[in-house]
Amino acid sequence: MDVGGLAELDGRITGCRACPRLVEWREDVARTKRAAFADETYWGRPVPGFGPADASLLIVGLAPAAHGANRTGRMFTGDRSGDVLYAALHDVGLASRGTAVSADDGLELYGVRITSPVHCAPPANKPTPDERDACRPWLVRELELLRPSLRAVVVLGAFGWQAALPAFAEAGWTVPRPRPAFAHGARLTLGAPRAPGAPLASGSIELFGCFHVSQRNTFTRRLTPAMLREVLSAAADAAGLPTKPHPG
Ligand code: SF4
């Protein structure tokens with residue numbers, strides 16, 4: 001994929017129309033809206049990654065939420081899942097604030113970027129395997145562009161895990177075979193990117209599994225704020241990012 005930098009990649013992603021079902025769904029949701037947001041203009045397009053281009057920690061989710069990121073145009077912004085994620089990032093010192101309401105709310109991430117293996121909101125939060133595969137080249141290119149600074153990754157949920165491992169392999173990292181199963185608390189090392197004929201751009205990365213911050217997981221307390229903070233802190237430590245202790 002001929003893309004210069006992350007800003008260019010993000011711009012290209014927002015214009016993608018490769019998946020007919022998702023294009024129709026995201027645009028239909030943007031037209032019909034939820035009553036609470038009836039007077040807002042929905043984004044209704046693919047949502048690119050969010051965070052600095054030299055991030056050392058990457059968080060990989062699943063896909064934009066219909067009335068969250070598909071409305072606001074920024075990852076995990078404007079929905080309950082994002083409330084939980086950004087509160088935890090702020091608690092451990094990786095975000096400037098603990099809420100995310102709109103793309104222009106001033107929120108900054110410190111050394112962290114957030115992306116997803118599917119960039120368009122899918123019906124019932126369930127992309128098909130074909131849609132996941134169609135979107136993979138965007139993630140592979142994002143990983144290649146982050147490679148010089150990337151040290152650790154947190155993957156939220158089994159879908160993201162299954163989608164991310166092949167992308168890491170395609171981007172050159174060594175992924176164990178058989179591929180490790182997803183688990184909350186899973187941690188593994190992916191060997192340094194292979195770059196035939198070129199010097200290695202960076203070393204290995206640490207990959208962490210964490211339950212997704214979905215309402216189903218957080219309302220049932222399958223994933224608590226403390227569990228999330230624990231994974232984020234461990235990953236930040238692996239990425240060499242400073243964190244702050246949280247009293248909870
Ligand atoms: Fe393009 Fe990915 Fe959206 Fe499919 S899901 S239309 S590949 S951005």
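As a basis for the values below, the full set of heavy atoms in this structure was taken, side chains included, without hydrogen atoms, waters or symmetry mates. First listed ligand is number 1; within each ligand, the first listed atom is number 1.
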Value rounded to 0.5 Å, distance of OG in S116 from CD in E142
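Between atom OG of S116 and atom CD of E142 there are 8.5 Å.
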For V153, the option from F208, W173, F168 that meets side-chain contact (heavy atoms from CB on, under 4.5 Å)
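The passing option is F168.
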V60 with F159, same ILVMFWY side-chain cluster at under 4.5 Å:
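As far as the 4.5 Å side-chain criterion goes, F159 and V60 are not connected within one cluster.
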Quick one: side-chain hydrogen bond (donor to acceptor under 3.5 Å, both in side chains) partners of Y42, sequence neighbours excluded?
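In terms of side-chain hydrogen bond (donor to acceptor under 3.5 Å, both in side chains), with neighbours along the sequence ignored, Y42 is linked to H67.
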Which donor-acceptor pairs under 3.5 Å do side chains of residues 43-52 form with protein atoms, sequence neighbours excluded?
unit_1, atom_1, unit_2, atom_2, d
W43, NE1, R45, O, 3.2
W43, NE1, P46, O, 2.9

Contacts of atom 2 (Fe) of ligand 1 with protein N/O/S atoms, counting only those under 2.8 Å
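Correct list: C135 SG.
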For residues 100-109, pull every pair meeting side-chain hydrogen bond (donor to acceptor under 3.5 Å, both in side chains), keeping only residues two or more places apart or in separate chains.
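Matches after skipping sequence neighbours: R74-D105, S102-D104.
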